Structure formats: structure tokens, C-alpha cells
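Report on one structure; see the data block that follows.
Chain identifiers are assigned alphabetically (A, B, ...) following the order of the sequence lines, protein sequences preceding nucleic acid strands; residue numbering begins at 1 within each chain. In this text, all values refer to a predicted model and were calculated from it rather than measured experimentally.
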Amino acid sequence: MQNSKLKIIETNKLNLFYGAFHALIDVNLQVKPRMITGLIGPSGCGKSTLLRVFNRMNDLIDGVKISGSVKFENKEILSDAIDLITLRKRIGMVFQRPNPFPLTIFENVAYGLRIHGEGSRLVLDEAVQKSLTAVLLWDELKDKLSLSALELSLEQQQRLCIARLLAVTPDLLLMDEPCSSLDPLATMRIEELMNELKKEYTIIIVTHNMQQAARVSQECGFMLLGELVEFGDTKQIFTAPRDKRTDDYITGRYG
Amino acid sequence: MEHQRIFDKEMDELKDLILRMGLLAQELIHKAVESLKKSDRTIAQSVTEDEKMDQLELAVNEKCIQMVALRQPEASDLRFVMTAMRIANDLERIGDLAEDIAWRAIELIKFPLLKPLIDIPKMAVLAQDSVALVLDAFINRNAAKARQVWDKEKETDNLRDAIHDELIDIMTKDAATVPRAVPLLLIARHLERISDHATNIGEEVVYLIEGKVIKHSGG
């Protein structure tokens, strides 16, 4: 139990191939709970691929081969015995563009619970209020729950998508460029939300925006050509990285 | 595949400003001690009236603040900007100390020299060498060179102690020498402080290159 307190995710010699392409090379990573871990690196470095390993999203792609070990709370998740529905309930994903369902605001948030068999209106009402409150949307939207989610602003939609995940009480939130379709002010507000959420959830964020990684994360990894080149305290990575390749990338010399 | 960035050009401009401050610092130390050796008021005043150092320091600070605001430097770039600002501060203080030496020299013009000056000019040469050394280390990013300044600081401290003992001895034997001895004692102190600032710069340069803080840890 002591160990699981120190790390919620642990990968060991993780390798992933898309056909012949070696997309992740011997990745050893430990993610600590209740903090924000950033993954940075140039396009194609494998950071989104790594993120998708954690809730087995790569299973949906043909020709993917994975070896090594990925443990979530000390349980191997690459094993065939793992129940993917349960895994994805506990490890949710936020995408680049908000992807609300073409349903009402209420039904978007209640969706996860419904498919997990929850039928009680009382339970659903409570979960919707709690989740929307957590993403700071409740006061704005409590009288508009029957509106279509597609009428919301992009920032509200992204918050709604996060609320939809929170409703099924996950442990880990994976965020793949969650602000890249948002303007700077909306970005700042989502970052503030992330900072609130880390008190109760673990977050791993993949971002192209290095300043964003610097602002929101406590630990950060730099990936290049499928390798995790350097991982450590964000303050150290952005002031005195150990590896020259990290420094070159962060300072914009790599290219 | 390193490419020339806008930031690199700005770093070169900043290096140039620091280099000019460093050369000026050496010149001011040299002139201040020359004015003492020659009892020359004109040389001393050229030090006390110098305004270039302050202007250069302001230019460095302005440049650094702009670079932080507009370029958001990180990692080694960030260390470069922060280091440049602190080095400029140390060089400006060295300029002030050279000015203090020149003021002591002016005080002493009305007296004949207490004794032939030997150790103070030696300290002055050491101080100028230390500044030249750490500046070279900064411009060429050479941490080994920056660390050599430690030895010079020790030499400076030894000279300061010798001067101190000798002057106390003279004053103890003849109280009438006090007005001529105290300014010399202060000058030795100013030169020792200059060497401390050069050592600070050496520590900054090591941080710039290695990302390690060695201040207050004895190197």
C-alpha cells in the first residue's frame, strides 16, 4: 500500500509499435497521485500515444503491439484480464476539442452513470450538480440543464466534458491538449480548474504549450522520438534540465 | 541542428553590454589606484565622476526585463538572463568601490605617502585579473575558468591581512600616522570587497553553465 501512495501509474520498459514504427521506446515513468504531471515534446514524439496507453485507447487502432508493463494502482493494465469499461471509468480522457454528445447538458453529465446502470433520478441529480459544481459551471447552468450542450461556448463545452468524467468518479484524468481550441482567457480558467481538481484527482496533461506545462504541472517529462528523455520536478526541468536535448527543446533550439 | 534565434541575437547584445561594464570596472580600479600612487587629483576625479557604469547597468536591466517579458526564456536561456542581471549588479558595485578608493586617494593627496605602496598595487592587479577572468568565463561559458577566481580571492585575503597587520603596527608605534594609515586600511578593504564581487560573478557563471547553485557552499 505504501508504494501505491507514491505512484498511481508506473510503466516499466514500455514499448509500443504501430506496425513497424517504434512509437514508444523503453519508457519508464512513475506518476504520483494528486498532482499534475505534464508531458511535453515535439509532434510525433509519442506523448499522446503514451497517454492513450493508460486507458487502453490504443486497442482501437489496428496493428498496435505493446510490450512491457503498465501498472495502475499496482495492477497490470496491459493484461487481457482487465475490464476495460471499469478501467476507463477510473481513468477518463479529455480531448483537444470538446466533444459533448448532442444531448442536453444534464444528459451529457448523467451519461456515464446511466450506462453504468444508474437509474435513480435522485442519484443522477446529485451527481450532475456535484460534477458541474466541481467544474464551476453549476451556477451558470443550473437553470439551463435541458438546453443542448452544443449551444455552450467552447470553454463551457470543455468544462462540461470534464464534468462528464467526474460524474463517474474517476481517479485519473488524462488530458490531451485540453486547451488547444480555447482562447487565452478560457485557457487560463481551465488551468485554474485543473489546479482545483488536483486536490482530489491525478491529472496527466499532454501539451505543446511549454509555458502551460510550466504553469500547471508539478512534475514533467520531456519526450523525443519515442523516448522519455527526462522526467522530474517541473521547476528543475524549466530552470536547469539535466539533458541537453531537453534544454534545446525548451529553449527552442531543437528543430 | 541549432539555428540562430532572435533570442541569440539579444543574448549577444547583452553579452556586449556586460563586457563593456567589465572592461570599465577594470579601468576604474586601475585609475583609482594610479591616482593614489601618483597623488593625482585629476585621475581620481575621472573615477569619482564616472557615470558610464550606472548607465550601462540600467541598460542591462532594461534589456533583461524586456527579454523576460517578450521572450519568456526557460532553462539555460532563463539562467543566462538572470545571471546577466546579477553580474551587472556586481560590476556596478565594483565601480562604486573603485570610486570609494578614488575618494580615499583624494583625502590622502594633502599628505606625503606613509610608506611606499607595494601590496595595495598588488591587490589592485589581482582585482583587475579576477574581473577579467570571470568575464572571460562568462562570455566563453567556461566554468573551470570561473572557478579559478577562488584562488585569487584567497591571495587577495592574504594581502589584505598583511596590509592590515602592517598598518596597525605603524599606528601603534606613532598615533600621528592614523590620518594617513586609516584611508589605506579602507582602500585594502575596498579592494578585498571588489574581489568578493568577482567571486560572486564566478559563482553566477558556474550556475549559468551547470545549473548548480554553489553560493554559500564553498565551491
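If you take NZ on Lys65(A) and OH on Tyr18(A), they are separated by 14.0 Å, rounding to the nearest 0.5 Å. Atom OG of residue Ser48(A) and atom CE of residue Met93(A) lie 8.0 Å apart, to the nearest 0.5 angstrom.
Asp248(A) places no side-chain N or O within donor-acceptor distance of the main-chain N or O of Thr251(A), the cut-off being under 3.5 Å. Put simply, the side chain of Gln72(B) gets close to the backbone of Ala69(B): a donor and an acceptor are under 3.5 Å apart. With hydrogens and angles disregarded, no donor-acceptor distance shorter than 3.5 Å links the side chain of Asp176(A) to the backbone of Gln96(A). The closest donor-acceptor contact from the side chain of Ser130(B) to the backbone of Ser195(B) lies at 3.5 Å or more, if one exists at all.
Salt-bridge annotation for Lys13(A) and Asp26(A): absent, with no side-chain N of the basic residue lying under 4.0 Å from a carboxylate O of the acidic one.
Between the side chains of His190(B) and Arg104(B), at least one donor N or O lies within less than 3.5 Å of an accepting N or O.
Chain A is approached within less than 4.5 Å, heavy atom to heavy atom, by no residue from residues 133-146 of chain B. Heavy-atom neighbours of chain A within the stretch residues 10-28 of chain B, taken at a separation under 4.5 angstrom, comprise Met11(B).
Here the shortest heavy-atom pairing between Ala213(A) and Ile40(A) reads CB-CG2, 3.5 Å.
For the options Pro73(B), Ala75(B), Gly211(B), Ser76(B), heavy-atom pairs under 4.5 Å to chain A are most numerous at Ala75(B).
For Trp138(A), the CH2 atom sits in a packed shell: over 12 heavy atoms of surrounding residues, nucleotides or ligands are nearer than 6.0 Å.
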